[in-house]
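Any value given below was found using the heavy atoms of this structure, including those in side chains, with hydrogens, waters and symmetry copies removed.
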Amino acid sequence: MKVCSWNVNSVRARINNIKNYIKLSAPDVLMLQEIKTEEKNFPFNEFKELGYNSYVFGQKSYNGVAIIAKKKIIDVDTGFLKDEKSQSRIIVGNLINKSKKILIINIYAPNGNPVETDKYTYKINWYKNFIQKIKKQILINKNIIIGGDFNIIPENIDVYNHMKYENDALFKIEIRKKYRELINLGFVDVFRYFYKDKQDYTFWDYMSGAWQKNNGMRIDHFLASNNILGNIKSININKKPRSREKPSDHTPIELEFN
DNA sequence: ATGGCCGAGATCCTCGGA
């Protein structure tokens with residue numbers, strides 16, 4: 001089973017890149033973030049033609065998440081978290097894998113910059129609520145995968161120049177603590193679990209040649225609950241899509257398990 | 001056409017991104 005996650009920065013602007021990626025990588029499940037469109041304008045047919053069902057929580061212009069999958073996703077829920085700004089940031093559903101039910105949680109967490117504005121308090125509150133919700137959920141279902149754009153740089157190694165980001169909403173101690181809190185509920189950061197010292201990024205700014213200079217950061221993650229950690233075979237950051245024409249500023253992360 | 005990327009949507013630039 002291959003589950004992938006990709007912040008595509010507009011599903012409509014990126015449709016050819018996404019279709020190309022699906023053909024090459026053949027994910028069973030693809031979690032998308034920042035689709036930047038309402039459900040009525042989502043390209044359902046384009047994915048249907050490739051053999052995928054789409055489950056969409058859209059929003060006009062900003063945010064928006066979706067799950068596209070070869071198999072049926074059941075109990076799809078777009079009301080998992082009450083969002084104080086009514087933004088479309090989470091879609092969840094159950095995946096049946098070898099008669100085991102796995103809860104897939106696809107998130108697009110708030111950015112939080114600039115830190116002196118209510119954007120930052122919104123991010124902190126969003127994570128507070130999310131952590132509370134996961135705390136309850138892990139009691140109900142022990143098999144959980146949380147994937148997506150967390151907008152958190154976990155450690156120094158996860159950004160090209162950590163000194164520059166000390167007061168940034170992606171790297172402030174306060175926000176990194178939220179990441180630790182989440183993990184302490186019974187999860188592992190799968191990439192870091194498999195690669196203790198590897199410096200690898202999932203995002204490179206469009207500005208000032210960040211990609212060419214490898215000025216990146218690791219802000220897209222897969223957290224797996226301890227109960228399913230033993231089933232995970234591999235995790236990979238696939239940098240190819242970031243190198244192509246008209247790319248998203250993020251690149252996909254890929255999780256394989258049995 | 002829009003600041004130096006980008007995208008969406010509205011207006012001839014702003015907001016949001018990270």
Side-chain angles (χ1 to χ4, degrees), chain A residues 5-19 21 32-43 46 56-66 83-90 106-127 147-176 178-179 199-221 237 239 241-253:
Chain A
S5 170
W6 189 10
N7 178 325
V8 290
N9 184 18
S10 169
V11 69
R12 288 180 291 168
R14 215 68 60 212
I15 188 65
N16 290 331
N17 305 51
I18 300 171
K19 284 166 74 176
Y21 171 71
L32 301 176
Q33 302 88 35
E34 275 205 276
I35 60 171
K36 290 187 170 179
T37 184
E38 293 171 290
E39 184 169 1
K40 65 178 183 192
N41 295 320
F42 189 88
E46 305 257 19
V56 180
F57 185 29
Q59 185 183 328
K60 198 172 186 174
S61 299
Y62 308 119
N63 313 311
V65 286
D83 191 298
E84 67 180 50
K85 291 187 188 284
S86 300
Q87 298 182 349
S88 304
R89 295 185 174 278
I90 303 190
N106 178 16
I107 72 167
Y108 173 50
N111 173 302
N113 280 315
V115 293
E116 65 279 4
T117 67
D118 76 321
K119 288 172 194 290
Y120 185 68
T121 47
Y122 168 58
K123 182 180 192 178
I124 291 290
N125 288 331
W126 191 92
Y127 265 108
D149 179 356
F150 286 63
N151 270 317
I152 297 178
I153 300 163
E155 303 293 343
N156 291 356
I157 189 177
D158 296 309
V159 59
Y160 69 98
N161 180 359
H162 61 88
M163 303 294 278
K164 272 180 73 172
Y165 286 86
E166 272 172 2
N167 295 312
D168 191 282
L170 279 66
F171 192 58
K172 277 172 73 85
I173 289 291
E174 188 184 23
I175 206 71
R176 291 160 62 191
K178 288 279 165 277
Y179 194 68
Q199 194 152 22
D200 219 348
Y201 308 134
T202 64
F203 167 88
W204 298 260
D205 204 298
Y206 289 124
M207 292 239 244
S208 56
W211 167 247
Q212 287 74 12
K213 297 176 197 161
N214 196 28
N215 288 346
M217 52 184 80
R218 192 174 71 94
I219 54 175
D220 300 84
H221 310 295
I237 296 171
K239 290 204 269 292
R242 185 62 181 83
S243 71
R244 301 199 194 285
E245 287 293 307
K246 210 169 147 45
S248 168
D249 40 8
H250 296 250
T251 213
I253 51 176

[X]: salt bridge (Lys or Arg N to Asp or Glu O under 4.0 Å) partners, not counting sequence neighbours:
| X | answer |
| --- | --- |
| A:Lys239 | A:Asp200 |
| A:Lys60 | none |
| A:Glu155 | A:Arg176 |

Using the [atom1] atom on both, measure [N] against [M] and round to a whole Å.
| N | M | atom1 | answer |
| --- | --- | --- | --- |
| B:dA10 | B:dG16 | P | 15 Å |
| B:dA8 | B:dA1 | C1' | 15 Å |
| B:dG17 | B:dG3 | C1' | 15 Å |

Open item on the list: Can you see if the side chain of A:Arg14 gets near the phosphate of B:dA8 - specifically, an N or O under 4.0 Å from OP1 or OP2?
Closed with: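 No, outside the criterion.
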
Task: Distance test, side-chain N/O of A:Asn7 to OP1/OP2 of B:dG17, below 4.0 Å - done: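 So the side-chain polar atoms of A:Asn7 never come under 4.0 Å of the phosphate oxygens OP1 or OP2 of B:dG17.
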
Task: Any pair counted as salt bridge (charged side-chain N to carboxylate O under 4.0 Å, His left out), so long as it reaches residues 202-211 of chain A, sequence neighbours left out - done: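 Non-adjacent pairs meeting salt bridge (charged side-chain N to carboxylate O under 4.0 Å, His left out): zero.
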
Open item on the list: Show me the pairs that pass salt bridge (charged side-chain N to carboxylate O under 4.0 Å, His left out) and involve residues 109-119 of chain A, at least two apart or across chains.
Closed with: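 As it turns out, the salt bridge (charged side-chain N to carboxylate O under 4.0 Å, His left out) pairs with a partner in residues 109-119 of chain A, which skip direct neighbours, are A:Lys85-A:Asp118.
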
Task: Whichever of A:Gln87 and A:Thr37 has its nearest DNA chain B nucleotide further upstream toward 5' - done: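 By nearest-heavy-atom nucleotide position, the 5'-most residue is A:Thr37.
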
Open item on the list: Give the residues of residues 202-215 of chain A touching DNA chain B, defined as any heavy atom closer than 4.0 Å, sorted by residue number.
Closed with: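 Here the set is A:Phe203, A:Tyr206, A:Met207.
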
